[in-house]
Number of protein chains: 2
Amino acid sequence: MKTLRLTSTDRTVLLDSHFFARLPRPTAEAILEGAIVSTHEEHDIVFRQDDPIDHVFFVLSGLVRLYRLGKDGREADIAVLPKGEIFGANAMFLEHRATANAQAAEALIVARFESGKLRQLAAENTDVAQALIELLCRHGKMTEDCLAEDRLLTAPQRVASYILSHCPDGLSSFSFRLPFQKNVLAGKLGLAPEALSRAFSTLRQSGVTVKGRMIEIRDRQALERF
Amino acid sequence: MKTLRLTSTDRTVLLDSHFFARLPRPTAEAILEGAIVSTHEEHDIVFRQDDPIDHVFFVLSGLVRLYRLGKDGREADIAVLPKGEIFGANAMFLEHRATANAQAAEALIVARFESGKLRQLAAENTDVAQALIELLCRHGKMTEDCLAEDRLLTAPQRVASYILSHCPDGLSSFSFRLPFQKNVLAGKLGLAPEALSRAFSTLRQSGVTVKGRMIEIRDRQALERF
DNA sequence: GACGCGAATTGACCCCGATCAAATAACTTT
DNA sequence: AAAGTTATTTGATCGGGGTCAATTCGCGTC
């Protein structure tokens, strides 16, 4: 892990992100003050569950995986966060302990902000508080979605749902490139890699073609029906 | 469903709750102004997924079940909330649409507050915003816990974990009464009722006795090991 | 273009938990 | 207390997905 300072493209990523974009520019700038940037190799651990953490993290590039460990060492993904997402914010209001492990799922650059300062700001500035509230709602809903999908859908259905979430409305056929290794996708969907693989081949009969990371859909309706 | 006004015991439940207790009394009182109370029979639907809702709900007594519906009509519980809990708050910041169905899991009394007013208050008053943030963090963590347990634990392990969460630290043997029907517990744990039943009988060999709603533990360590 | 290594697929097997059906238990009502 | 519901348990069966082992594929390197 190496630590650096914010570059100007970093600032762009930050200011364009879901969270900072809804803040008045000066407020956003104030938060950026004192940000620390660090790089991590794939598989590096950023923090561990129950670690005391006094920072909030922002993905500048790459991918983080948040997961919990079972007694037997098995891992369960809670979330997979791409560029522009924030993590570690819950901890700020929850005893300052991480609720999960955070690991680089690929080469990763993160910015971190002192949570004390951010919390202070949130207490003084309702814009910041609003932004935090919206962030937490959004993340909460994502976790809920995940839980509901786990309980309601089979593996092929979850994969279909994932693919459809990448299909712009109206198109009946399209293709896209997976934003990460199948490995990671499997974890995100709560599946073993083998199960993901089998799910893809089940979906072949519904017009899904997989070649490397490229996914191609021939018939959107068929997928929705699945 | 019948609608009423707040009784004085209702006020007590509200003011003692996790959310309101951390607010200055006058602020809390201000929110209570204009609360509407309604009663619901077991199985009544309070609101449906995707309904536009402009209220935040508070459980005065009884139990609500939040769940999503699958295409095939199957139900997946997202949360089961007892007296003192708030629900429908996410919607306030998420297009004003409910993210799940809310159903009375037993005779239920709820108070509702206009979300517009609450949101306004949160924007003006950082105490309210802080309380909301903490609420959302707490709920977020609960959902995360649920997701992780689903992915990491078998049915008997989930039940053991549930029982242990009711065991005060230090005691090695103790007993308690389930706060709701096994039916509901099964849903909360993401199990079919039959699976819950079987899980209980598996745990018998680890010193768990079940008689009606009474649960008795002989050996805490044995349960933790499970 | 050949090589090498980690990622992904495929096959075989097994276990957990869902589902259906039937029996029993626990409540309500009268 | 008897009858009628509604929950819960138990048994039997089945399917989804996890795990292990063996290939095969894809991609970066030389």
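Values in this document were obtained by computation on a predicted structure and should not be read as measured data. All heavy atoms count here, side chains included; hydrogens, waters and symmetry mates do not. Residue numbers start from 1 in every chain, and the chains themselves are labelled A, B, ... in the order their sequence lines are given, proteins ahead of strands.
Between B/Glu41 atom CD and D/dT6 atom C1' the separation is 16 Å, expressed in whole Å. Counting to the nearest Å, the C1' atom of D/dT5 and the CG atom of B/Asn183 are 14 Å from each other. Summarising the geometry, the separation between CG on B/Leu178 and C1' on D/dA7 is reported as 13 Å, rounded to the nearest angstrom. Between B/Phe200 atom CZ and C/dG17 atom P the separation is 14 Å, expressed in whole Å. Rounded to an integer number of Å, the gap from CD of B/Gln157 to C1' of C/dG17 is 14 Å. Atom CG of A/Leu203 is separated from atom P of C/dT9 by 12 Å (rounded to the nearest Å). Nucleotide C/dC16 holds its P atom 18 Å from the CG atom of B/Leu189, rounded to whole Å. Following rounding to the nearest Å, B/Arg151 (CZ) and C/dC16 (C1') show an atom-to-atom distance of 17 Å.
The shortest distance between side-chain heavy atoms of A/Val110 and A/Val37 does not fall below 4.5 Å. Within the 4.5 Å cutoff, side-chain heavy atoms of A/Arg65 are placed close to those of A/Glu75. At a threshold of 4.5 Å between non-hydrogen side-chain atoms, the residues A/His96 and A/Ser115 count as touching.
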query: How does protein reach along nucleotides 13-22 of chain D, written 5' to 3' as B (base within reach of a heavy atom under 4.0 Å), S (only sugar-phosphate), or - (no contact)?
result: ----SSBB--
message: Generate the contact string for nucleotides 24-29 of chain C. Rules: B means base contact, S means sugar-phosphate contact only, - means no protein heavy atom under 4.0 Å.
response: ------
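Counting non-hydrogen atoms of other residues, nucleotides and ligands closer than 6.0 Å to NZ of B/Lys141 gives a total above 12. Counting heavy atoms of neighbouring residues, nucleotides and ligands inside a 6.0 Å radius, atom CD of B/Glu95 does not exceed 12 of them. Counting non-hydrogen atoms of neighbouring residues, nucleotides and ligands closer than 6.0 angstrom, the CZ atom of A/Arg213 exceeds 12 such neighbours.
A donor-acceptor contact closer than 3.5 angstrom is absent between the side chains of A/His18 and A/Glu134. For the residue pair B/Thr154/B/Gln157, the side-chain donor-acceptor check at 3.5 Å is satisfied. In the model, B/Ser161 has a side-chain atom that pairs as donor or acceptor with a side-chain atom of B/Glu149 under 3.5 Å.
Proximity of the aromatic rings of A/Phe47 and A/Phe57 is defined here by a centroid distance below 6.0 angstrom, and this criterion is met.
The C1' atoms of five pairs define one axis at each end of the helix from C/dG1-D/dC30 to C/dT30-D/dA1, and these two axes lie 50° apart (to 10°).
A tilted orientation is assigned to the rings of B/His166 and B/Tyr162, their planes being inclined by 30° to 60°.
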